[in-house]
Amino acid sequence: MKIGTMLKDVFESFFKKPVTQVYPLEKVDTPERFRGKLVYNPQACTGCCLCSKDCPSNAIELVTLDRAAKRFVLKYHLDRCVYCGQCVTNCKFKCMSMSSTDWELAAVKKQDFEVYYGNDADVDEFLAKLVAPNPGTPG
Ligand code: SF4
Ligand code: SF4
């Protein structure tokens, strides 16, 4: 490129609006099919585990509290998920989707990357078992 042409381009660029966005000060709507945070609806879940079976990064674990009563808790590791959407495709009961609006998922603490889905009572019961001391260990 000739120096004259280059200088002309540089000069013209001073008067053009930048094509880049000044994120996070400036935000645009994400596309409808954008793959953000996983969303789980426990109402129709059968506990078949087809979602977790093919997850390439072991990002989801389905915990069965009571299969007959269809009480499940889905543990989702945000920091492992690669947002491929395979779990959504695998679920024949449309319990899973990926949010197009909830995608700003950065966090400082590791615990913030562990998300528990399910009915509130089921999640509370599951978390209570996690923190309860093991009766087999000496106190
Ligand atoms: S989107 Fe992909 S990586 Fe994330 S939980 Fe689903 S299958 Fe796993
Ligand atoms: S694939 Fe769907 S129905 Fe089966 S365990 Fe996963 S969320 Fe539940």
Side-chain angles (χ1 to χ4, degrees):
M1 182 184 277
K2 288 181 183 169
I3 187 78
T5 311
M6 195 191 305
L7 287 174
K8 180 173 169 279
D9 285 350
V10 170
F11 182 74
E12 283 176 358
S13 70
F14 283 122
F15 302 99
K16 285 183 186 162
K17 191 176 179 294
V19 285
T20 49
Q21 289 148 10
V22 193
Y23 177 84
L25 301 175
E26 186 186 320
K27 294 184 184 178
V28 293
D29 291 338
T30 43
E32 198 181 321
R33 295 177 64 191
F34 186 89
R35 294 181 194 152
K37 185 177 179 182
L38 188 67
V39 181
Y40 168 68
N41 173 9
Q43 308 307 328
C45 183
T46 63
C48 66
C49 287
L50 284 177
C51 50
S52 55
K53 185 171 90 49
D54 286 341
C55 174
S57 47
N58 282 333
I60 42 177
E61 301 167 41
L62 192 83
V63 180
T64 304
L65 297 181
D66 183 341
R67 181 172 289 277
K70 294 194 171 184
R71 295 178 57 214
F72 307 105
V73 172
L74 188 85
K75 188 175 178 183
Y76 175 44
H77 300 268
L78 273 171
D79 51 345
R80 291 191 207 157
C81 183
V82 294
Y83 304 90
C84 62
Q86 186 62 55
C87 52
V88 178
T89 305
N90 276 19
C91 183
K92 303 288 177 256
F93 301 93
K94 303 203 182 307
C95 306
M96 292 192 156
S97 57
M98 304 200 86
S99 172
S100 63
T101 53
D102 191 4
W103 52 269
E104 292 176 301
L105 307 174
V108 176
K109 289 183 284 178
K110 185 163 173 58
Q111 300 94 289
D112 293 339
F113 292 116
E114 283 182 9
V115 181
Y116 297 92
Y117 288 123
N119 294 321
D120 289 347
D122 294 343
V123 172
D124 288 347
E125 181 182 319
F126 174 71
L127 292 177
K129 280 182 190 164
L130 278 187
V131 295
N134 185 340
T137 54

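Below, each value reflects all heavy atoms present in this structure, side chains not excepted, and no hydrogens, waters or symmetry copies. Atoms within a ligand are numbered from 1 in the order they appear, just like the ligands themselves.
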Between Asn90 and Leu50, is there a donor-acceptor pair closer than 3.5 Å when you use the side chain of the first and the backbone of the second?
-> yes

Verdict with supporting geometry, Tyr76 and Tyr40, ring pair (Phe, Tyr, Trp, His ring centres under 6.0 Å) = CA-CA 10 Å; Tyr76 175 44; Tyr40 168 68; over 10 Å; no

Looking at Gly85, which atoms of ligand 1 are within less than 4.0 Å of one of its heavy atoms?
-> 1 (S), 2 (Fe)

Check whether Val63 and Leu78 end up in the same hydrophobic cluster, where Ile, Leu, Val, Met, Phe, Trp and Tyr are linked by side-chain heavy atoms less than 4.5 Å apart.
-> no

Metal check, atom 4 (Fe) of ligand 1 vs Cys84 N/O/S, cut-off below 2.8 Å = no

Drop me the distance from Asp122's CG to Leu74's CG, to the nearest 0.5 angstrom.
-> 12.5 Å

Hey, quick one: are Val123 and Leu65 part of the same hydrophobic cluster, counting side-chain heavy atoms closer than 4.5 Å, chains of contacts allowed?
-> yes

Under 4.0 Å, heavy atoms only, figure out whether ligand 1 is touched by the backbone of Met98, its side chain, both or neither.
-> side chain

Asn41 side chain vs Gln43 backbone, donor-acceptor pair below 3.5 Å = yes

Numbered in order shown, the ligand 1 atoms found under 4.0 Å of a heavy atom of Ser57 are 3 (S)

Under 4.0 Å from ligand 2 - residues by heavy atom, chain and number = Tyr40, Cys45, Thr46, Gly47, Cys48, Cys49, Leu50, Cys51, Leu62, Cys91, Phe93, Cys95

Is the number of heavy atoms from other residues, nucleotides or ligands under 6.0 Å of Asp120 CG greater than 12?
-> no

Are more than 12 heavy atoms from other residues, nucleotides or ligands located less than 6.0 Å from atom CD of Glu12?
-> yes

